[in-house]
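Structure, as structure tokens:
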Number of protein chains: 2
Amino acid sequence: MIEFEHLFQFVAFGMYGTLSKTAEILHVSQPTLTRNMKLLEKEFGVILFARSKNHIALNENGLLAIKEARKILSEIEVMTDKVRQLDRSRHTLSLGSCAPYPVMDFVRLATELYPSQSLTTELRSTEPLLQGLRDGRYNVIILPFKPTDSALIALPFGKESLYFNLPKGHPQEKSSSLSFSDLDGTAMIVYSHIGFWKDLIKETMPHSRFLLQDQRDDFFELEKASSLPSFITDRVLSEEPLKNRTAVPIVDQSAQIEYSLVMTKKMGQRYPLFTKWLKQK
Amino acid sequence: MIEFEHLFQFVAFGMYGTLSKTAEILHVSQPTLTRNMKLLEKEFGVILFARSKNHIALNENGLLAIKEARKILSEIEVMTDKVRQLDRSRHTLSLGSCAPYPVMDFVRLATELYPSQSLTTELRSTEPLLQGLRDGRYNVIILPFKPTDSALIALPFGKESLYFNLPKGHPQEKSSSLSFSDLDGTAMIVYSHIGFWKDLIKETMPHSRFLLQDQRDDFFELEKASSLPSFITDRVLSEEPLKNRTAVPIVDQSAQIEYSLVMTKKMGQRYPLFTKWLKQK
DNA sequence: TCAGTTTACGGCCCACGTAAAAATC
DNA sequence: GATTTTTACGTGGGCCGTAAACTGA
């Protein structure tokens, strides 16, 4: 029976041309290679080399064999990669979320319920999330609404409400509440990585310009220095104090988000604890 | 590095379901399989089995791995087959001939000049011979004429002349020579495996019916018993005496054959001794 | 109790490396 | 003499099988 080791050494010989060079590079002794190449010939049942007393080279058979052996070796690579990748995916819980705060909740929950699983998370808008759930890219997604598709499992996953975050001296600073339309048309500063919120405000405030800031720290600097209004949510407010700004709630219904943890029924079976835990709560 | 042996045992386990059954069939001990399957998991870097204390089965990874392993094993089969086939072709001299007698000459010559080569011979008519020479099916062919294609090497390879072989009491028995036309229209008995001769007589004696006989012995019996004329050539006449018949030479030019040994220039290089030997003769 | 898997252990084989020979440049 | 392949040979690791423990049906 053919030994992969021998095939590997054979292919290496094909690259380096002499047994001694090959032996050196593979960290085995020369005689070992001599022996193994002879064994390989036995395994093939065919002479693969043209030998003279102190020279050895591939013959016609050897040339074909080495071409084929290369194929086999690369296919073995492919095989192991596939299996390893499957294994990884089996141990990885892949979350797609529409917003950053539910991700944190989910991470906390998942590490508690499935501590042996790895976790990957991505922030996407709702369309690619649903698509990704269907094609297996995500095991679980978090949406800012309850999907109607009855083939999916949807569990309530917390609420979040949007506020205007107004700088000192802003005309509406003292308002107890505002509507999107009240500030529609005003330029605002916005942190980029807020998931579906960006889609929401673009839709509800079509006349405003949004100055997007990619870098988290830069955004906070800007928020401190600028006199432009920004956004904030109750989730943020509950965790850290406001710096030099006033948060005014937005009354519109669309600013009151109820998140859903969504997965396929198949995933519901694979990860039953989510359903169990979220229902008893 | 993955061991071919382990893959093989793994696939076998996939067929037989239990390690003990597999061990029995592969003629190794159970513990050996336990060990080797664990080694295989190490080689993959992935758990392939779902184990309980006295039961073992493939897990999801294992199912994929076994599918892929099967592929690899069959590709190794393909690889070795290819190489072996190439090797065989390298040691085989394949002759296509238009007639049986030159084959004997060629066999004598080839075994003398290239004693280590295997030899395969086929009898075909000229068209498939030329086609087969081009596509590599034959290394060498023998034609009843000298081909015009200058890309081919053609060497004189002996002569053979056709005779009528007339039964006792046949009207033309005493003729010193005849032409095809003299007997055209007569029914004749013909041995099937005479290569291009069959084409020749059908063409030159379009009005005759030829009773073909497949079996060599049956043909000779028939020739002895029948009163129908048959054919014979000088090559046969020189080797064995006539039985109860008279051979009358056919004067037509087309009955005087000069054979050519034909090969491509490439084959001329691979088998230089044919050219050398036939030219010096 | 039986069938199956795993662990423990001892012996043997063989595959490796060292050393040296042979050959070619 | 330098380089390369091959042969010879002794040794150690590892691989196998036997025996036994463990488990669940």
Side-chain angles (χ1 to χ4, degrees), chain A residues 1-63 65-66 69 72-73 76 87, chain B residues 1-63 65-66 69 73 76 80 87:
Chain A
M1 188 160 317
I2 282 191
E3 298 250 352
F4 285 144
E5 181 87 20
H6 297 172
L7 275 190
F8 186 78
Q9 293 170 339
F10 181 55
V11 168
F13 169 78
M15 305 180 64
Y16 303 122
T18 72
L19 291 179
S20 18
K21 186 73 183 289
T22 309
E24 187 187 341
I25 289 173
L26 296 187
H27 302 294
V28 293
S29 71
Q30 231 172 18
T32 298
L33 281 191
T34 295
R35 241 179 293 119
N36 287 352
M37 293 306 96
K38 282 184 179 170
L39 286 173
L40 189 67
E41 283 180 320
K42 255 194 194 158
E43 288 153 358
F44 268 103
V46 152
I47 301 297
L48 300 170
F49 301 93
R51 302 167 211 266
S52 69
K53 288 292 183 181
N54 70 343
H55 187 241
I56 186 169
L58 296 168
N59 70 5
E60 208 177 325
N61 293 335
L63 287 170
I66 228 165
I72 298 280
L73 291 185
I76 290 172
D87 185 65
Chain B
M1 182 160 323
I2 284 190
E3 296 250 352
F4 185 51
E5 180 89 20
H6 296 174
L7 274 191
F8 187 79
Q9 294 170 338
F10 181 54
V11 168
F13 168 77
M15 305 180 63
Y16 303 122
T18 73
L19 290 180
S20 17
K21 186 73 183 288
T22 310
E24 187 187 342
I25 289 173
L26 297 187
H27 302 294
V28 294
S29 70
Q30 227 173 21
T32 297
L33 281 190
T34 296
R35 242 179 292 118
N36 288 354
M37 292 307 95
K38 281 185 178 170
L39 286 174
L40 189 67
E41 283 179 320
K42 253 192 193 160
E43 288 153 359
F44 268 104
V46 152
I47 302 296
L48 300 170
F49 300 93
R51 301 168 210 266
S52 71
K53 288 292 181 179
N54 68 346
H55 187 241
I56 186 170
L58 296 168
N59 70 6
E60 207 176 327
N61 293 334
L63 286 170
I66 228 165
L73 293 188
I76 288 173
T80 50
D87 185 66

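Quick note on labels: first sequence line is chain A, next is B, and so on, each numbered from 1.
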On DNA chain C, compare the nucleotides closest to B/Thr18 and A/His6; which residue's is nearer the 5' end? B/Thr18
Passing option when B/Phe49 is tested against B/Leu58, B/Asn61, B/Asn59 for side-chain contact (heavy atoms from CB on, under 4.5 Å): B/Leu58
Shortest non-hydrogen separation from A/Leu73 to A/Phe8 and the atoms involved: CD1-CA, 3.8 Å
B/Gln30 has an atom CD; how far is it from atom P of D/dC22, in whole Å? 17 Å
Distance-minimising heavy-atom pair for B/Ala23 and B/Leu33: N-CD1, 3.3 Å
Quickly work out the B/Glu5 CD to C/dC14 C1' distance and round it to whole Å. 15 Å
Contact summary for A/Ile66 and A/Gly14, nearest pair of heavy atoms: CD1-CA, 3.3 Å
Checking all strands, does A/Ser20 fall into the base, sugar-phosphate, or nothing category for heavy-atom contacts under 4.0 angstrom? sugar-phosphate
Please report, rounded to the nearest Å, how far the P atom of C/dG4 is from the CE atom of B/Met37. 17 Å
Residue-level proximity of residues 43-61 of chain B to DNA chain D when a heavy atom falls under 4.0 Å: B/Lys53, B/Asn54
According to a strict under-4.0 Å criterion, is A/Thr32 in side-chain N/O contact with OP1 or OP2 of C/dG17? yes
Do any side-chain nitrogens or oxygens of B/Lys38 fall under 4.0 Å of OP1 or OP2 in C/dT7? yes
Is B/Lys21 touching bases, backbone alone, or none of the nucleic acid, heavy atoms closer than 4.0 Å? nothing
Under 4.0 Å: is that the gap between some side-chain N or O of A/Thr34 and OP1 or OP2 of D/dT6? yes
Nearest heavy-atom contact between A/Glu43 and A/Met1 is OE2-O, 3.6 Å
Rounding to an integer number of Å, can you tell me how far A/Glu24 CD sits from D/dT3 P? 11 Å
Would the base of D/dG14 count as contacting B/Arg35 through its side chain, where contact means a donor and an acceptor less than 3.5 Å apart? no
A/Ile72 to A/Phe4 - nearest heavy-atom pair and separation: CG2-CE2, 4.3 Å
Calculate the interatomic distance between A/Leu19 atom CG and C/dT24 atom P; express it in whole Å. 17 Å
